[in-house]
Number of protein chains: 2
Amino acid sequence: MLHYSNYCTLQYCQEMASRLTTSSYAVLGLLAIRPWAAYELAQQATRSLRFAWPKSERLLYAEPKKLVEHGLATALQESVGQRNRTMYTITDEGRAALQGWMTTSPQPPLLEAEALLRLLFAENGSIDDLAAALDEMAADAAEKRSQVVTINTGYLDGLHPFPQRTHLSVLFATFQLEFFDLIVKWVGFAKTEIATWPATGGLGMTERTEAILNNIKDQRSVLESPPTIP
Amino acid sequence: MLHYSNYCTLQYCQEMASRLTTSSYAVLGLLAIRPWAAYELAQQATRSLRFAWPKSERLLYAEPKKLVEHGLATALQESVGQRNRTMYTITDEGRAALQGWMTTSPQPPLLEAEALLRLLFAENGSIDDLAAALDEMAADAAEKRSQVVTINTGYLDGLHPFPQRTHLSVLFATFQLEFFDLIVKWVGFAKTEIATWPATGGLGMTERTEAILNNIKDQRSVLESPPTIP
DNA sequence: ATTCGATACTGCATGCTGCACTATTCAAAC
DNA sequence: GTTTGAATAGTGCAGCATGCAGTATCGAAT
């Protein structure tokens with residue numbers, strides 16, 4: 001005779017609620033705006049959170065289930081013709097948990113930029129390889145910048161899906177724009193810099209590098225005061 | 001009838017060399033500078049790549065093994081007293097692979113910022129919660145900025161561990177500094193903005209928000225031309 | 001003599017991603 | 001009128017990545 005009284009049987013494991021992550025609260029934050037179907041949630045999170053908390057669609061399907069396990073949301077099966085969809089709604093406990101989370105310390109920002117890795121290891125490739133990597137980084141930023149501008153100017157024409165949230169979206173957008181601008185401008189600077197290099201490797205402390213370091217020492221932005229050495 | 005002659009049996013899977021990721025090339029790039037022990041590699045990658053490609057120490061122990069499986073590096077067991085350590089050295093195939101990687105397209109940059117998530121969901125907390133989250137983001141950026149300044153001004157005194165690579169480190173540092181500066185400056189702007197809010201939620205299209213949107217529409221930086229409405 | 005921090009890793013549970021896959025609905029092109 | 005393609009609405013699984021705990025040695029300071 002089998003007992004599952006006090007340890008982790010297969011059944012129990014499957015019911016174990018895994019811990020809430022920042023991604024869980026990201027989804028909970030969306031649910032605080034209105035109820036969403038899992039599919040909508042995945043789309044919306046991808047669109048609206050992609051520049052603050054970029055997560056895979058796959059995860060965004062899993063998170064609401066976890067919220068239900070924790071009692072922070074409820075799931076409701078709806079039928080549209082032959083097809084089902086699951087609507088998720090935040091609970092009072094969910095709103096309380098979200099409020100609690102807002103008082104905690106956020107993790108520090110994390111930037112992952114493969115193009116910058118190419119710069120650090122540039123001596124293993126050509127000047128053109130490096131320039132191409134930087135160009136792609138700038139092109140991507142310029143593209144995203146223009147998307148943000150398009151979306152946000154639409155808000156002036158009343159196109160915000162949740163008008164009462166406009167002040168939040170717009171303040172967030174100011175960060176995105178400054179960030180993408182920085183990338184475009186810095187790539188411009190970096191490309192004029194590498195254009196003066198005879199090769200990618202072995203240069204060491206050039207006169208221009210020394211000039212940049214003196215800027216850094218004196219807390220001057222190199223974008224505003226680029227080195228003037230020929 | 002089933003045959004497993006040319007497919008993935010359990011044994012075969014365990015010996016399968018898993019595919020090379022960007023992190024593999026990050027480690028390979030370090031090995032191109034000089035041979036390293038696994039522990040040194042983990043330390044060095046954490047220190048020097050943390051702002052371009054932040055990866056866990058755990059992963060940095062696993063990557064060199066993968067490089068050996070692929071023939072891009074060799075491992076040598078050294079004995080220091082009773083204790084072993086594994087030295088990894090890049091192979092010619094490793095240098096070739098790294099050169100090949102330099103010609104490929106980098107992934108677009110990825111930014112993960114929990115504090116910005118707090119801004120988007122600010123209506124679920126107090127003005128103080130939001131201000132605290134932004135302050136922490138700025139404090140973290142200011143701290144990292146000063147670390148970068150310290151390290152780099154040291155290069156003026158000949159403290160670069162690989163002097164021939166100074167031009168690369170310094171150009172990379174200019175990005176880091178501009179990025180951390182942006183965070184500090186933007187938080188300053190955002191905090192003056194939220195200081196005008198009577199509450200976190202329900203404000204929608206305020207006059208100041210409209211002024212910011214007009215800035216965005218006209219491609220003016222909000223940091224340089226903040227809204228002048230009281 | 002002991003304690004503390006640095007060196008030098010490994011194992012495991014869990015988190016997260018990418019890809020492949022299923023299946024329905026609707027609209028437009030042929 | 002039917003085929004085709006895109007959007008809707010997801011699930012399963014392999015494999016990549018992280019955090020944490022644990023093991024053990026070594027050198028320097030108290």
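Both backbone and side-chain heavy atoms feed into the values below; hydrogens, waters and symmetry mates do not. Chain A is the first sequence line, chain B the second, and so forth, proteins listed ahead of strands; every chain is numbered from 1.
Following rounding to the nearest Å, A/Glu78 (CD) and D/dT8 (C1') show an atom-to-atom distance of 14 Å. Look at CG on A/Leu41: it is 13 Å from C1' on D/dA9, rounded to the nearest Å. Computed from coordinates, the B/Leu60 CG to D/dG19 P distance equals 11 Å when rounded to whole Å. For B/Tyr39 and C/dA6, the OH to P distance is 8 Å, given to the nearest whole Å. Spacing between atom CG of B/Leu110 and atom C1' of C/dC16 amounts to 13 Å, rounded to whole angstrom units. At whole-Å resolution of the value, CG in B/Leu59 and C1' in C/dT17 are 14 Å apart. Residue A/Glu112 contributes atom CD, which lies 14 Å from atom P of C/dC16 at whole-angstrom precision. Counting to the nearest Å, the C1' atom of C/dC19 and the CZ atom of B/Arg19 are 12 Å from each other.
Using a 4.0 Å cut-off, no side-chain N or O of A/Ser23 falls inside it from OP1 or OP2 of C/dG15. The side chain of B/Arg85 places an N or O atom within less than 4.0 Å of a non-bridging phosphate oxygen (OP1 or OP2) of C/dA8. Side-chain N/O atoms of A/Tyr61 include none lying less than 4.0 angstrom from OP1 or OP2 on D/dG10. In this structure, B/Thr86 does not reach the C/dA8 phosphate: none of its side-chain N or O atoms is under 4.0 Å from OP1 or OP2. OP1 or OP2 of D/dC16 sits under 4.0 Å from a side-chain N or O of B/Ser18. Taking only side-chain nitrogens and oxygens, A/Lys55 never comes nearer than 4.0 Å to OP1 or OP2 of C/dG15. Taking side-chain N and O atoms only, B/Lys66 has no distance below 4.0 Å to OP1 or OP2 of D/dC16.
Here A/Glu63 lies in heavy-atom contact (under 4.0 Å) with sugar-phosphate atoms only.
Between B/Phe175 and B/Phe179, the ring-plane angle classifies as parallel under the 30° and 60° cut-offs.
In this structure, a donor-acceptor pair under 3.5 Å is absent between the side chains of A/Glu123 and A/Thr200.
Remark: A/Arg34 is positioned above the aromatic ring of A/Trp36, its terminal NZ or CZ atom under 6.0 angstrom from the ring centre and at most 45 degrees off the axis.
With the nearest nucleotide of DNA chain D identified for both A/Asn84 and A/Arg58, A/Asn84 has the one nearer the 5' end. For the pair A/Arg83 and A/Pro54, both in contact range of DNA chain C, the more 5′-proximal nearest nucleotide belongs to A/Pro54. Take the nearest nucleotide of DNA chain C for A/Gln82 and for A/Thr21: the residue whose nucleotide is more 5' is A/Thr21.
Among A/Lys144, A/Arg145, A/Glu143, the one residue that satisfies the side chain to side chain donor-acceptor pair (under 3.5 Å) test with A/Gln147 is A/Glu143.
Residues B/Leu168 and B/Phe172 have side chains not in contact (no heavy-atom distance under 4.5 Å, counting atoms from C-beta outward).
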